[in-house]
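Scroll down for the structure; my scribbles are underneath it.
Atom set for the values below is all heavy atoms of this structure, side chains included, hydrogens, waters and symmetry mates excluded.
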Amino acid sequence: MRALGAALAIALAGCASYPHAQEAAPASTALWRPVDSGTGAIAEAKALEALAAAYPDSGSVRLRLLNAQLGAEDYDTAIPTLRWLYKRGYVFSEAVRRRLPELVGAERAAQVTALIREPAEPVDASTVFATIPSSAELIESLAIDRDTGRIAATSVSRHSVWLGSAVGDWREFAPAGAGNLSGIVLDPARKSLWVAAGHIDGGPDEGAGFAGLITMSPEGAEQQRVAAPPGVNLSDIHRAADGTIFASDPLGGGIYRLRPGSDALETLVPPGSFRSPQGLATSADGKWLYVSDYSYGIAVVPIDGKPIERLATDLPILLDGVDGLWRHGSELIAVQNGTSPMRIVVLQLAEDGLRITGHRVLEQAHPDWTEPLSGHLGQGALYYVGNGQWDRLKEGRPDPSRPFVDTTIRKLPLER
């Protein structure tokens with residue numbers, strides 16, 4: 001039975017979920033507990049239960065707890081964990097769905113089978129907006145100029161920006177000596193693009209290149225560089241209404257900002273506060289920053305330096321596995337590619353913006369997805385990368401056994 005449990009743990013690895021032994025009490029806004037690689041190494045059930053209480057809306061910790069319970073052959077406590085995941089719509093892989101009832105024994109098999117969901121029905125609400133040629137390789141994010149229709153997209157693997165439109169005409173611009181390019185936003189005030197650079201492809205450190213922010217003209221000409229602090233690698237970026245640029249370091253776990261008129265990045269949230277911060281969005285009043293931690297949920301970071309809080313909810317939903325994040329009025333739009341099924345959701349915020357009061361799915365389990373990535377929030381629609389190709393990199397280099405294909409940019413209406 002131990003061998004089966006170990007195999008199941010491998011099958012569960014990498015899925016977004018959270019630890020648990022009993023149903024959590026109704027959520028209330030709470031302080032964010034710092035998380036780092038050490039937190040990710042916690043494997044003992046009691047410690048995972050405590051972690052679940054601190055982050056009650058993460059599926060990845062629940063899956064880690066389930067692994068611990070199965071590994072200890074503590075099947076009776078595993079059943080409430082399965083129930084927690086079931087209520088939140090989690091879908092296991094086919095192999096896990098088949099093996100779980102066998103693992104827990106005949107006396108529990110029927111109960112466990114009832115807590116295993118079949119694959120979710122696809123929700124297909126988007127259309128193809130543009131196609132970027134395979135020569136662009138790993139496209140991560142994009143920005144769209146509403147006035148001209150021009151698209152700017154970042155290529156992680158080619159360290160470049162690709163400029164084109166819905167009808168094609170793609171051209172590549174590679175800032176000299178830059179690291180992997182990922183996040184990108186428009187700056188209408190400066191009539192320029194902000195691009196994040198850093199070493200995020202998992203390859204060797206040698207020749208990783210410049211890390212920080214790069215500004216480019218809409219025609220691809222480089223204008224300015226702002227270096228990141230030593231050891232910091234930027235990925236997702238967000239431009240606030242006042243012109244402040246916020247950037248996340250998914251490896252070090254810090255958040256950085258560049259104030260208007262400044263030529264130096266400053267630390268807003270120190271490294272080690274998040275495990276893997278991804279999407280960023282400012283509140284309507286500009287007083288705080290929403291940050292999606294890929295493993296642990298969504299944080300609320302006060303701009304004035306007060307303690308970080310967790311975005312709370314009483315709804316039975318998962319808030320981890322969020323890659324792209326945008327605010328749309330009183331809602332957050334989130335691309336959840338780190339849970340199962342993958343989906344794009346709307347999170348309705350309370351009037352004070354500190355908790356989630358409503359939830360609806362815009363799209364999920366699209367048959368043409370590999371994994372949806374980040375993109376651009378436009379007028380009434382989200383434009384996003386529909387077929388992420390991170391699996392076509394091997395140790396930071398293109399895998400010749402899995403050549404890149406054209407990247408599909410999809411347009412998803414926000415109202416249904």
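Proximity of a side-chain donor or acceptor of N337 to a complementary backbone N or O of P372 within less than 3.5 Å is detected. A donor-acceptor pair under 3.5 Å is absent between the side-chain atoms of S141 and the main chain of G183, judged by distance alone. Between the side chain of E137 and the main chain of V156, no donor-acceptor pair closer than 3.5 Å is present.
Using a 3.5 Å distance cut-off with no hydrogens or angles, the side chains of E140 and W390 do pair a donor with an acceptor. With hydrogens and angles left out, the side-chain atoms of Y384 and D323 include no donor and acceptor closer than 3.5 Å. Side-chain N/O atoms of T357 and Q348 include no donor and acceptor closer than 3.5 Å. No hydrogens or angles considered: a donor-acceptor pair under 3.5 Å links the side chains of R190 and Q224.
Legend: residues meeting ring pair (Phe, Tyr, Trp, His ring centres under 6.0 Å) with Y383, ordered by chain and number and at least two apart, are F129. Checked against salt bridge (Lys or Arg N to Asp or Glu O under 4.0 Å), D187 has the following partners two or more places apart in sequence or in another chain: R239. Evaluation of the side chain to side chain donor-acceptor pair (under 3.5 Å) rule for Q278 yields S276 as partners, not counting sequence neighbours. Remark: D304 pairs with K306 by the salt bridge (Lys or Arg N to Asp or Glu O under 4.0 Å) rule, at least two apart or across chains. Partners of Q364 according to the side chain to side chain donor-acceptor pair (under 3.5 Å) rule, which considers only residues two or more places apart in sequence or in another chain, do not exist here. Partners of E94 under the salt bridge (Lys or Arg N to Asp or Glu O under 4.0 Å) rule, at least two apart in sequence or in another chain, do not exist in this structure.
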Query raised in the report: Would S192 and W194 count as a side chain to side chain donor-acceptor pair (under 3.5 Å) if you check the C-alpha gap in whole Å, the side-chain angles of each, and the deciding distance to 0.1 Å?
Result: CA-CA 7 Å; S192 60; W194 288 95; 4.7 Å; no

Requested in this report: Verify side chain to side chain donor-acceptor pair (under 3.5 Å) between H199 and N233, making sure each step is shown before the conclusion.
Outcome: CA-CA 6 Å; H199 180 214; N233 294 284; 5.2 Å; no

Query raised in the report: What's the verdict on side chain to side chain donor-acceptor pair (under 3.5 Å) for Y290 and W288, showing C-alpha distance, side-chain angles and the deciding distance?
Result: CA-CA 7 Å; Y290 298 105; W288 55 76; 3.1 Å; yes

